[in-house]
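These numbers come from the heavy atoms of this one structure, side chains and all, not from hydrogens, waters or symmetry mates. Note that the structure is predicted; figures quoted are calculated from it, not measured.
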Amino acid sequence: MNQDRTTELVPFTIDLTFEEARRRAAVVAALGPDWDPMAALRGEDEAYTLLYSGLDTEQQRTYDRLVAAGVLPDGDPGRAAAH
């Protein structure tokens with residue numbers, strides 16, 4: 001009763017490159033023709049600026065420490081956290 005069952009396995013392959021291209025095309029199609037990526041980025045920058053504006057002294061100190069540690073991105077365009 002101890003048979004080798006590997007001969008019953010059927011190979012399964014999937015082209016992840018094709019699937020990723022299909023997924024990206026679906027996302028762009030869902031965004032529609034009126035989507036403006038530059039306007040979206042400007043909106044994100046404005047939201048980021050607003051989020052960290054008006055901090056009190058302690059909040060600003062904490063924010064500066066998080067930026068220095070790479071947890072939060074700095075204020076440069078195209079910013080990203082180091083971690």
Side-chain angles (χ1 to χ4, degrees):
M1 270 208 146
N2 195 5
Q3 299 175 5
D4 181 11
R5 300 183 69 86
T6 58
T7 56
E8 297 176 21
L9 297 177
V10 176
F12 176 78
T13 60
I14 185 167
D15 182 356
L16 294 178
T17 305
F18 173 77
E19 291 301 321
E20 179 62 12
R22 184 195 57 74
R23 184 196 67 78
R24 288 181 183 194
V27 167
V28 171
L31 291 170
D34 298 328
W35 180 64
D36 181 356
M38 293 307 296
L41 288 174
R42 281 191 301 275
E44 287 182 17
D45 285 340
E46 291 169 7
Y48 185 87
T49 300
L50 183 61
L51 179 63
Y52 293 108
S53 66
L55 301 177
D56 65 28
T57 305
E58 183 61 29
Q59 291 169 330
Q60 186 66 50
R61 189 173 19 254
T62 301
Y63 171 80
D64 292 341
R65 288 177 57 204
L66 291 171
V67 169
V71 175
L72 290 176
D74 61 16
D76 295 334
R79 61 187 169 266
H83 302 286

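- Under a hydrophobic-cluster definition in which Ile, Leu, Val, Met, Phe, Trp and Tyr are linked whenever side-chain heavy atoms come within less than 4.5 Å, directly or via other members, Leu72 and Leu50 are assigned to different clusters.
- Cluster partners of Phe18, using a side-chain heavy-atom cutoff of under 4.5 Å among ILVMFWY residues and allowing indirect links: none.
- With side-chain heavy atoms closer than 4.5 Å counting as contact, directly or through intermediates, the hydrophobic cluster containing Leu31 also holds Val27, Trp35.
- In this structure, the side chain of Tyr63 does not engage the main chain of Leu55 through any donor-acceptor pair within 3.5 Å.
- The local environment of CZ in Arg42 is crowded, with over 12 non-hydrogen atoms from other residues, nucleotides or ligands closer than 6.0 Å.
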The test is salt bridge (Lys or Arg N to Asp or Glu O under 4.0 Å); show your working for Arg23 and Glu19 and say whether it passes.
CA-CA 6 Å; Arg23 184 196 67 78; Glu19 291 301 321; over 6 Å; no
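- Arg61 CZ to Asp56 CG: the interatomic distance, rounded to the nearest 0.5 Å, is 9.0 Å.
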